[in-house]
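Each ligand, and each atom within it, is numbered from 1 in the order the structure gives. Since the structure is predicted, the reported quantities are computational estimates derived from the model, not experimental observations.
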Amino acid sequence: MARAKEVEVKVKTSPVGSKDEILRAFGIELGGSVSGVARGGAFVEQPTGPKLATHDPSTGKVLASVATATAAECGAVSRSADEAFRRWRMVPAPRRGEIVRRLGDAFRERKQDLARLISLENGKIMSEALGEVQEVIDICDFAVGLSRQLYGNQMHSERPFHRLTEQWHPLGVVGIISAFNFPLAVPGWGWAIAVVCGDSIVWKPSSLTPLISIAAQKIFHEVTRSTEAEGIFNLVIGSGATTGEALLADPLVPLIQATGSCALGERVSTAVGKRGARAILELGGNNAVAVLDDADLDLALSAVVFGAVGTAGQRCTSTRRLILQRGIADAFVQRLARAYATVNIGDPLDGETLMGPLISADAVEAFLDGVATIKAQGGELLHGGEVLPDRGGYYVQPTIFKSRRDMPICAEEIFAPILHVFSVETLEQAIDLNNSVPQGLSSGLFTTNLHSAERWLSVAGSDCGIANVNAGTSGAEIGGAFGGEKATGGGRQAGSDAWKAYMRRQTCTINYGTELPLAQGVKFELHDA
Ligand code: NAD
């Protein structure tokens, strides 16, 4: 986002085409019906689970209907994914990387088409939708390099003529449960890495954004058809209660990557923990930006508006709490309210729009409930707070409240563009307030003071998985490991060494001597052997 006195960013995009053209680019008819289940490199023709209608959040109208999977059909999909895994794990990792390279190329070619579909079905603005596809391309590039760097350690053995080493093997079928708000990128952080690690995939996307996963699945089929990767990508669209629970219980699925609310995380940990499987949990956030008196305020303003209003407040990393040091607090809030008033709300496919709709009627209800609760608990409304019914669809106003930290609602993630503002005297108080909530995903401090910056990043600073200085809470790059602490789940995805969660580690001792010395000097000698 450009640095500006008042935040007024115009995003220019090319003409986007009509809604039926956007769908037809992936062989989907407006108002038509499509299969939401795929295994063995092809869609299942007539899955027998209930039909699911997907909506355009900018109008509330139905886009298409999706045939979902029953629990029994999910079982057949996992068995097929497990068979594909047994073949795929034998393919050398650099050759697995070559398939991911081709996938990255295919996503590059279809970037505009995919972004238009994301914007249509999810409601995020085109610039952010393009960024989401770019994230998939970037993680594919990262994964291709990784396919030659799945390194294990070599340790010096304490025993003579012994070698001690560690190696990484493919794990199995990875179940990817994804949220509506990053329908392509976050699952992509998982599958691109899992596939070079030698795993196969069963993807259960959000029921709010099924068409995006169907479009991606079509690309997987095109790229992997008649290759050694055929069948490694599988799809089960359906409700959490049916397809989600089927994945959680399936003994053929040793790893669940789950993105969603903290409540989902609790359910996944219990179900997966019970059968001794693993989970990568990427859950809700309640992210704060703290602005000190010595901060560059233009920079802070841009970051806060993008963080709180961007994606209509529907990012896990959205800025939900703003902590202002007393000296700049009043003036900053006034500038913020003026900046909010300039935000263009409208059709996400229109290049002039900065904020699109919420995802659903339920999300609008949650926004209204949130506003009412904040007021009831003593929050003072500074901006917004209303729905925009005249536009059709699920539009609300970006909203600012002056809140107090003892209001219980401030500890909750309301998945909407609502920002709580607090003021503090000192950096210590800002850190304490940042860390006071159950979630621990993302955080940002704005300061020009080196001591304050380092204090924020120190062991006694921000307790979040992501801690930034002079950068906002949202907009992470794929190169770092992404995830959060505490109720956010502790999982890590994407770059750095997040790949290790998608493989099984094996420690190997090789004795190339003629004696059998035991570790720690233990003696165990047989006398009459
Ligand atoms: P959600 O929890 O409602 O749903 C997420 C997914 O879980 C969906 O696919 C849903 O069908 C599935 N699900 C629901 N119940 C299930 C069950 N019993 N068993 C298995 N699967 C089940 O979340 P949402 O509304 O789609 O997304 C918003 C939430 O996701 C927010 O809390 C946001 O912060 C979080 N999120 C976190 C990250 C992160 O990386 N930390 C990224 C994106 C979104």
Side-chain angles (χ1 to χ4, degrees), residues 36 49 52 54 57 66 68-69 71 74 121-124 132 135 175-190 202-210 212-213 235-250 253 256-272 279-287 311-320 358-360 362-363 365-367 370 412-416 437-442 464-466 473-476 478 480-494 498:
L52 171 79
T54 176
V66 178
T68 64
C74 286
E121 193 183 33
N122 164 286
K124 66 177 67 176
E132 173 148 10
E135 242 177 296
I176 297 183
I177 296 176
S178 57
F180 80 85
N181 67 323
F182 273 91
L184 197 71
V186 176
W189 295 348
V202 177
W203 181 10
K204 186 243 155 310
S206 164
S207 301
L208 295 167
T209 50
I212 296 160
S213 59
L235 182 68
V236 286
I237 294 176
S239 70
T242 308
T243 57
E245 288 288 340
L247 262 183
L248 299 188
D250 196 328
V253 182
I256 297 283
Q257 168 186 313
T259 310
S261 56
C262 295
L264 171 74
E266 276 179 35
R267 174 66 201 132
V268 174
S269 325
T270 312
V272 165
I280 301 171
L281 299 178
E282 298 284 356
L283 311 173
N286 189 355
N287 317 293
T311 334
Q314 297 176 115
R315 287 193 187 213
C316 53
T317 52
S318 288
T319 308
R320 310 211 177 276
L358 294 182
I359 187 68
S360 64
D362 285 351
E365 279 306 307
F367 166 83
E412 290 176 28
E413 178 193 51
I414 303 171
F415 217 55
V437 293
Q439 310 83 351
L441 182 51
S442 186
C464 295
I466 298 168
T473 56
S474 79
I478 61 97
F482 182 94
E485 302 299 335
K486 305 193 291 186
T488 303
R492 291 295 185 276
Q493 290 178 306

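Of all protein heavy atoms, the one closest to atom 28 (C) of ligand 1 is F415 CE2, 3.6 Å. Of the protein's heavy atoms, T259 O, 3.4 Å lies nearest to atom 5 (C) of ligand 1. Protein heavy atom in closest approach to atom 26 (O) of ligand 1: F180 N, 3.1 Å. The nearest protein atom to atom 3 (O) of ligand 1, hydrogens excluded, is given as S261 OG, 4.5 Å; this is a heavy-atom distance. Scanning the protein heavy atoms around atom 11 (O) of ligand 1, the nearest turns out to be K204 NZ, 2.9 Å. The single protein non-hydrogen atom nearest to atom 36 (N) of ligand 1 is C316 CB, 3.6 Å, given as residue, atom name and distance. At the top of the distance list for atom 8 (C) of ligand 1, counting protein heavy atoms only, stands S178 O, 3.3 Å. Summary of contacts: the protein heavy atom closest to atom 35 (C) of ligand 1 is G260 O, 3.2 Å.
The closest donor-acceptor contact from the side chain of R320 to the backbone of A416 lies under 3.5 Å. Of the possible donor and acceptor atoms, none in the side chain of Q439 sits under 3.5 Å from a partner among the backbone N and O of A487. Under a 3.5 Å cut-off, the side chain of K204 and the backbone N or O of G175 do not form any donor-acceptor pair. Put simply, the side chain of N287 gets close to the backbone of S318: a donor and an acceptor are under 3.5 Å apart. Judged by distance alone, the side chain of T488 and the main-chain N or O of L283 form no donor-acceptor pair under 3.5 Å.
Using a 4.0 Å heavy-atom cutoff, P205 is listed among the residues neighbouring ligand 1.
Close approach of ligand 1 to S206 (heavy-atom distance below 4.0 Å) involves ligand atoms 9 (O). When each atom of ligand 1 is checked for a heavy atom of L248 under 4.0 Å away, the hits are 19 (N), 20 (C). Of all the atoms in ligand 1, the ones that sit under 4.0 Å from a non-hydrogen atom of N181 are 43 (C), 44 (C). The I177 neighbourhood of ligand 1 comprises atoms 6 (C), 7 (O), 9 (O), 12 (C), 20 (C), 21 (N), with distances under 4.0 Å to a heavy atom of that residue. Residue F482 approaches ligand 1 through these ligand atoms, each under 4.0 Å from one of its heavy atoms: 39 (C), 40 (O).
Side chains of Q257 and Q493: a donor on one and an acceptor on the other come within 3.5 Å.
Distance screen at 4.0 Å: atom 23 (O) of ligand 1 has a protein heavy-atom neighbour inside the cut-off. Using a 4.0 Å threshold on non-hydrogen atoms, atom 13 (N) of ligand 1 counts as touching the protein.
Residue I237 comes nearest to S213 through the heavy atom pair CD1-OG, 3.6 Å, listed as atom of the first residue, atom of the second, then distance.
Ligand 1 has no N or O atom lying under 3.5 Å from any N or O atom of R315, backbone or side chain. At a 3.5 angstrom cut-off on N or O pairs, L283 counts as close to ligand 1. When only interatomic distances are considered, the shortest N/O to N/O separation between E413 and ligand 1 falls below 3.5 Å.
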Can you check side chain to side chain contact (heavy atoms under 4.5 Å, CB included) on L247 and V202, steps first, answer last? CA-CA 8 Å; L247 262 183; V202 177; 3.9 Å; yes
For residues 177-190, run the donor-acceptor check on the side chains, cut-off 3.5 Å, and write out each pair with its distance to 0.1 Å, sequence neighbours left out.
unit_1: S178; atom_1: OG; unit_2: W203; atom_2: NE1; d: 2.9
unit_1: N181; atom_1: ND2; unit_2: Q314; atom_2: O; d: 2.9
unit_1: W189; atom_1: NE1; unit_2: E135; atom_2: OE2; d: 3.0

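Within the 4.5 Å cutoff, the side chain of T243 has no heavy atoms near those of the T68 side chain. Put simply, the side chain of P210 reaches to within 4.5 Å of the side chain of E121, judged on heavy atoms. Within the 4.5 Å cutoff, no side-chain heavy atoms of S239 are placed close to those of L52.
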